[in-house]
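Okay, structure first, notes after.
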Amino acid sequence: MNISLCILEIAVVLVGVALLLLDLWTKPQRKHLLGYLGAAGLGLVLVGSFFVPVTDVPQTAFGGMFVHDHLALFFKQLFLLATIGVLILSVEFAPRIESGISEFYTLSVFALSGMMFAASANNFVMVFVSLEVVTITFYILTSFMKNRMQSLEAGVKYLILGALSSAFLVYGIALVYGISGSMAFSDIAAKSELTLESNIFKLGILFVLAGLGFKIAAFPYQIWTPDVYQGAPTPATAFLAIGSKATGFVLILRVLYSAVPELALSWEHLFMAMAALTILYGNLCALPQRNLKRLLGYSSIANAGYLMLGIAALSPSGSTAILYYLGGYLFTILTAFTVITLVSRSAGNEDISSLAGLNERSPFLAFALTLSMVSLAGIPPLAGFFGKFLLVRAVIEQASSYSAYYLLAGVAVVGVAISIYYYFGVIRAIYWSKETPDTSPITTSGPIRFTLLAGLVGMLYLGIMPDRVLKIAELAAASLQY
Amino acid sequence: MTDILFYLLSTLTLVFGVLVVANPFSRNPVTSAMFLVMTIVSMAGLFVLLHAFFLAVIQVMVYAGAVIVLFLFVIMLLDINQEEKRRFQFFGAITGGIGLLSIALVMVKTITTSNVGAGLTPELEGSTRALGTALFTQYVLPFEIMGILLLIAMVGVILLSKKELK
């Protein structure tokens with residue numbers, strides 16, 4: 001037993017418990033400031049994570065339940081960054097949450113601990129338990145504004161569909177266990193001759209993928225996304241967009257490459273179809289949207305599709321591209337949702353029309369939102385472009401052996417072309433709106449400016465100087481066996 | 001003998017389960033809750049057949065006992081005598097039917113085409129001692145994470161049910 005491997009998770013849980021306790025001794029009017037304290041605590045953990053020793057050979061703890069390798073560390077740092085951004089954003093959002101703001105911070109930190117455990121999962125029991133920690137926390141976070149009908153509706157929809165997807169996941173795990181007799185990924189991989197010819201085993205893995213597909217909002221498990229994104233409090237939406245999606249992807253990568261590597265290679269048609277349909281569905285449905293959060297909900301489906309390209313490629317370069325893209329997506333989404341929170345504070349809703357005159361009200365916010373939309377649309381020289389480039393390149397690399405991959409790459413390019421239309425609709429609303437109902441300047445606090453600046457620097461850095469992060473992503477993706 | 005009991009209990013579970021959601025004789029929610037008790041008790045019988053005695057007892061005590069009593073409390077406090085008649089949704093019925101049929105088709109085809117094998121000997125012989133040992137040695141990490149999960153659930157329930165938090 002090697003408990004020191006999960007030191008980061010223990011630290012995160014302690015930060016969460018500390019926030020919950022500190023709430024008792026904090027005056028109500030100062031409670032919203034606890035968010036900064038939480039962000040500072042997680043910042044320390046993030047700094048500490050760079051000093052955690054990691055070897056090229058994966059280390060395991062708790063009888064192989066928990067694995068510590070480059071991939072786990074990459075995702076843990078990604079989750080920590082995302083949660084720090086979300087906490088700072090929640091402080092900005094605090095006046096709109098009537099009660100229990102410190103619990104909002106606490107629950108976000110606990111969700112982070114679930115994500116971090118998921119990044120290290122090496123056993124189906126861990127997959128299920130860590131995923132439930134994340135999902136159950138999100139049921140609460142989405143319905144947090146209980147005086148708003150929309151938020152409650154989002155919470156109930158997420159609860160019902162989430163419970164259904166968990167049922168699929170558990171059923172799949174039961175079938176896998178029934179055939180292989182083990183829940184550990186290494187044991188299942190060792191029995192590949194036995195499992196490869198069993199259809200029941202394949203059905204089990206298919207159900208597991210269905211449960212995980214719900215988390216990443218891939219077609220045909222995407223139906224909840226727009227309603228939940230629109231109804232949830234904006235920080236929860238941002239967390240859902242980056243945290244929940246990245247959790248789903250790390251688990252899919254682990255299950256596919258650690259537990260069933262041979263089976264995964266024979267399922268390229270399934271992944272290709274899923275990727276293509278997800279891209280088309282997300283981009284086409286985003287076209288008529290007028291609500292910014294709903295638009296980003298459909299855009300998140302489309303992005304799940306782009307990320308699925310990396311799965312469909314079934315190659316180390318595909319996995320590297322997924323990691324790189326998620327890194328860029330983190331900065332882009334955080335910037336976009338931070339600006340939306342600030343703008344909707346005065347407008348009261350998240351309609352695209354409320355962005356009118358943003359350039360006069362705050363040129364910095366207008367610039368930040370524009371840059372994040374440009375990055376999402378995949379235009380150079382930003383992070384979104386380079387991530388999409390890597391994903392499409394990974395797909396085309398495979399095309400020499402199987403020409404249907406050309407078709408998939410074509411669908412991705414068509415998707416990007418469609419997406420430019422609606423992302424530029426947002427930019428048009430910022431700069432070229434005819435009537436500007438509200439011209440009062442928007443004030444920003446210091447920490448918010450810091451997050452926005454970090455987001456902008458991150459997007460530009462990942463777009464212009466990709467070498468360093470790409471090396472880290474390659475190292476992390478190399479932890480998986482192909 | 002075990003086979004007969006297995007088929008008997010599975011049939012009962014399925015029949016009672018259907019009666020929970022679609023009872024042609026009664027639309028009273030209390031009746032549905034009572035059929036849920038019967039479903040759970042028949043499932044407990046299935047656990048006994050698998051030598052999982054502890055699980056069977058927990059199933060009866062926690063689900064059939066505590067959870068259903070809670071259900072009945074809510075139903076009776078809200079005084080729901082008759083479930084509201086919902087409009088029959090044609091589109092919903094068709095898509096639901098297609099979904100159900102396709103999953104059933106895949107499952108039946110899977111089971112008939114694959115070699116199920118001899119089956120595993122149960123690792124746990126149902127005693128609480130073996131279960132406890134497994135929980136605190138092999139599965140200690142998921143067990144501890146469940147602790148976090150319960151804390152989250154508790155905080156969440158208090159938050160969502162309380163009107164005004166100070």
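Letters A, B, ... are given to chains in the order of the sequence lines, protein chains preceding strands, and every chain is numbered from 1.
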Checking heavy atoms, do the side chain of A/Leu152, its backbone, both or neither come under 4.5 Å from chain B? neither
Using non-hydrogen atoms only, which part of B/Ile103 is less than 4.5 Å away from chain A: side chain, backbone, both, or neither? side chain
Pair A/Thr142, A/Lys157: side-chain N/O donor-acceptor within cut-off below 3.5 Å: no
Trace of the ring-ring contact (aromatic ring centres under 6.0 Å, His included) decision for B/Phe53 with B/Phe47: CA-CA 7 Å; B/Phe53 305 114; B/Phe47 282 131; over 10 Å; no
Bottom line for B/Leu160: the part with an atom under 4.5 Å from chain A's heavy atoms is both
Chain B contact via A/Val133 - side chain, backbone, both or neither, heavy atoms under 4.5 Å: both
When you look at A/Phe104 and A/Phe144, which way does the ring-ring contact (aromatic ring centres under 6.0 Å, His included) test go after all the steps? CA-CA 8 Å; A/Phe104 193 91; A/Phe144 215 90; 4.9 Å; yes
Rounding to 0.5 Å, atoms CZ (A/Phe168) and OH (A/Tyr221) come to a distance of 7.5 Å
